[in-house]
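Here is how names work: the chains are called A, B, and so on, in the same order as the sequence lines, proteins then strands, and each is numbered from 1.
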2 protein chains.
Amino acid sequence: MAKGGTRQSAAEPRPITIKDVASRAGVGLGTASRVLNGNENVAPHLREQVFKAVQDLGYHPNSVARSMRLGKSYAVGCLVTDIRQPIAAEMIAAAENTLRRAGYTLIVASTHFDDSREAEILSLLQNRVVDGMLLAVNRDNDPETARRLAAINIPMVLWERSPDGGFDTVLTEHRVGARRATEHLLELGHREIALVAGHLDTWVGREQRAGFDAAFTARRLEPPAGRIFEVGAFGARKLEALCRVERPITAIIANIDEIPGILHFCAKRGLVLPRDMSIVSIGDASILEVMTPSITAVRGNGTKVAQLAATLLLKKMADKQPETASERLSVGMQLKIRHSTAPLNDGGGGHV
Amino acid sequence: MAKGGTRQSAAEPRPITIKDVASRAGVGLGTASRVLNGNENVAPHLREQVFKAVQDLGYHPNSVARSMRLGKSYAVGCLVTDIRQPIAAEMIAAAENTLRRAGYTLIVASTHFDDSREAEILSLLQNRVVDGMLLAVNRDNDPETARRLAAINIPMVLWERSPDGGFDTVLTEHRVGARRATEHLLELGHREIALVAGHLDTWVGREQRAGFDAAFTARRLEPPAGRIFEVGAFGARKLEALCRVERPITAIIANIDEIPGILHFCAKRGLVLPRDMSIVSIGDASILEVMTPSITAVRGNGTKVAQLAATLLLKKMADKQPETASERLSVGMQLKIRHSTAPLNDGGGGHV
DNA sequence: TCCCCTCGTGGAAACGTTTCCATCGTTAGT
DNA sequence: ACTAACGATGGAAACGTTTCCACGAGGGGA
């Protein structure tokens with residue numbers, strides 16, 4: 001119908017630019033820009049006029065244009081496996097906090113264990129949409145990913161990933177954590193201990209296994225064979241099998257995500273904690289404290305890790321010369337002994 | 001020392017632009033741009049040459065420049081109160097998923113209950129750094145915030161916030177959820193029920209109270225006075241008081257965040273669940289299923305809420321005419337009856 | 001008194017992209 | 001065979017900002 005109508009009449013209002021501000025304030029572009037950026041060398045009355053024009057027009061600077069001119073986006077990317085993991089959320093929150101204070105915004109992305117997404121996100125990076133990157137993707141033995149990472153030439157800090165790649169890394173002492181958990185159980189007399197740890201192709205998973213083994217070998221004990229599993233590749237069937245073998249397990253060290261399933265299994269099978277089974281969680285949460293029985297756990301400090309990582313990233317981004325050597329920071333773990341672990345019960349097992 | 005050294009020698013490598021690609025491919029800028037944007041009207045051999053040049057040079061388009069030219073950033077902001085709340089993380093994950101599929105990235109920010117941060121973030125918006133916004137900030141009775149929101153003229157969808165403001169909203173039926181939880185307890189014979197709900201200045205909190213009251217009044221019962229609390233403003237002391245009054249409470253409906261504290265209190269005081277106290281959680285988690293006893297809960301569906309919100313936002317962003325009326329979508333809640341709720345025990349209370 | 005330096009100011013240039021416009025070559029139709 | 005039309009192509013313009021450069025005024029020192 002209105003095909004021939006005046007197009008101008010329905011035109012959207014043109015956004016207000018710094019030019020509008022300058023002309024309204026009766027000054028040049030340069031002066032307007034200087035005022036807005038806090039440059040001192042401007043006459044006070046002109047400064048006033050510019051501020052008034054900004055008020056009158058409701059001007060908001062276009063930060064995309066600013067980014068373009070400056071070659072900086074003031075955005076930091078953060079790539080995690082899954083935001084829904086409480087530890088990831090904790091770290092994101094802490095990183096965001098630190099970064100925001102420095103004027104950066106955080107762009108969050110999840111890979112959800114999908115490598116193609118990881119590649120997609122990493123390519124976003126190279127589009128310069130971010131000035132730096134926090135990476136918590138954990139598969140670190142994939143040569144393709146490593147190659148891609150090495151090809152990125154923006155500041156980047158890795159979380160919980162092998163520090164051997166020459167990148168800046170911030171990590172939790174998972175090896176020490178796992179070792180301490182294991183030692184705790186060994187001291188209680190347990191020998192038949194199962195470990196449900198991170199994936200083998202992640203640094204975290206390997207460290208956990210190393211700590212587990214170290215606790216045994218330091219006592220001249222043989223680490224139990226066939227008792228080590230990956231998260232996800234574990235469940236009631238595996239547990240059932242472990243309870244049916246000649247020397248059934250009496251203790252489990254498991255990632256916090258696996259704890260609900262394990263408790264469920266124990267309850268169903270009539271195993272009473274900690275009498276028939278001792279359990280240590282890798283990773284802590286307030287709910288573990290108030291369960292019956294409360295669950296012994298090794299706890300990291302995701303907030304601290306993230307703060308360190310963010311601070312390190314800020315440093316790297318501020319650094320003009322990217323020649324400085326890569327840094328490696330680590331944060332300890334703490335064993336919280338509660339009531340899900342008890343001395344080994346020599347009795348005839350937990351069959352009801 | 002090297003003050004007078006040749007500056008050029010140490011110059012950082014100039015980024016590769018589309019101009020470089022064009023000249024290397026022996027074509028004009030326009031052609032290069034057309035190839036990269038999938039425009040069909042380009043001779044196949046030129047297309048080849050351009051792709052080859054891209055490969056050779058390792059060219060990555062600068063998306064900031066692209067945003068600037070297009071007036072679109074392909075970024076969506078997401079403002080939540082606290083990423084660490086599992087429900088928030090769930091929603092962020094789902095929203096990110098949906099948005100990424102449409103080519104958008106998600107910028108996440110937390111207010112941490114700090115209004116000044118909220119303002120700060122909202123002003124970021126107006127800098128056009130995002131094309132749309134998902135808002136889950138929940139204080140909705142603050143006139144200042146409402147004014148600011150109304151002043152923003154980019155597409156925006158609100159989560160779990162009063163739908164009366166004329167904005168597009170997606171929300172969970174918290175009123176129904178609270179009502180169902182309350183009815184469940186009433187049917188079990190409980191009358192002295194405490195409610196620990198969201199803040200009064202949030203839509204969620206008000207809806208929860210309304211549902212709670214509605215369950216009572218529908219049965220011609222008087223809603224209990226002095227038994228309704230806000231999350232955070234609750235704790236062992238309040239609980240203690242509620243157990244010491246003339247008619248002590250026999251059941252609690254509480255936000256999932258408060259459940260650990262409540263369980264802790266009950267354990268310490270020797271109250272056995274569900275004999276001495278029935279508990280319903282508002283919000284669900286897998287851990288609630290496997291606790292002893294397992295915890296009855298009303299569960300929402302954050303994923304669905306977020307998907308709806310993201311889809312709605314995409315629609316709004318694609319819409320040229322922002323004249324369409326505001327929409328309101330809602331997602332139901334479900335009561336999961338487990339073992340933390342039981343018929344009222346008429347006995348003499350739970351003192352051990 | 002003249003010159004030089006400094007400080008404040010305005011405007012052009014540049015950032016890297018997309019799009020529009022003009023041009024050129026080719027093909028088809030009369 | 002000539003013209004008209006159309007499709008492919010190259011390059012200028014524009015997006016909104018910051019920065020650099022040039023210029024002018026004013027003041028102080030010689």
With the side chain of A:Arg69 defined as its heavy atoms from C-beta on, choose the nearest nucleotide among C:dC15, C:dT18, D:dC20.
C:dC15
Return the 5'-most residue of the pair A:Ala43, B:Leu36 with respect to DNA chain C, ranking by each residue's nearest nucleotide.
A:Ala43
Can you name the closest pair of heavy atoms from B:Ile92 and B:Ile83 and give their distance?
CD1-CG2, 4.1 Å
Under 3.5 Å donor-acceptor pair, A:Arg34 side-chain atoms to C:dG8 base atoms
no
A:Leu46 has an atom CG; how far is it from atom P of C:dG8, in whole Å?
11 Å
Of residues 23-33 of chain B, the positions that come close to DNA chain D - non-hydrogen atoms, cut-off under 4.0 Å
B:Gly26, B:Val27, B:Gly28, B:Gly30, B:Thr31
Starting at atom OH of A:Tyr74, determine the distance to atom P of D:dT17, rounded to an integer number of angstrom.
16 Å
Is there a side-chain contact between B:Pro61 and B:Arg66, using heavy atoms and a 4.5 Å cut-off?
no
Nearest-Å distance, CD1 (B:Ile18) to P (C:dC15)?
15 Å
Can you measure B:Lys72 atom NZ to C:dT17 atom C1' for me and round it to whole angstrom units?
16 Å
In whole angstrom, give the distance that lies between atom CG of B:Asn41 and atom P of C:dT18.
16 Å
The bend of the helix from C:dT1-D:dA30 to C:dT30-D:dA1, taken between the axes of its five terminal pairs at each end and rounded to 10°, is 60°
With a 4.0 Å cut-off, would you call A:Arg328 and A:Asp168 a salt bridge?
no
What is the distance, to the nearest angstrom, from the NE2 atom on B:His60 to the P atom on C:dT17?
12 Å
Rounded to whole Å, please give me the gap between CG in B:Asn37 and P in C:dT17.
10 Å
Does the A:Asn62 side chain pair with the main chain of A:Val64, one donor and one acceptor, at a distance under 3.5 Å?
yes
Using the side-chain heavy atoms of A:Met68, tell me which of these nucleotides is nearest: D:dT17, C:dG8, D:dG16.
D:dG16
Can we say A:Arg24 and A:Asp56 salt-bridge, meaning some charged N sits less than 4.0 Å from an Asp/Glu carboxylate O?
yes
If I take atom CG in residue B:Leu70 and atom C1' in nucleotide D:dG16, what distance separates them, rounded to the nearest angstrom?
15 Å
Distance below 4.0 Å between A:Asn62 side-chain N/O and D:dT17 OP1 or OP2
no
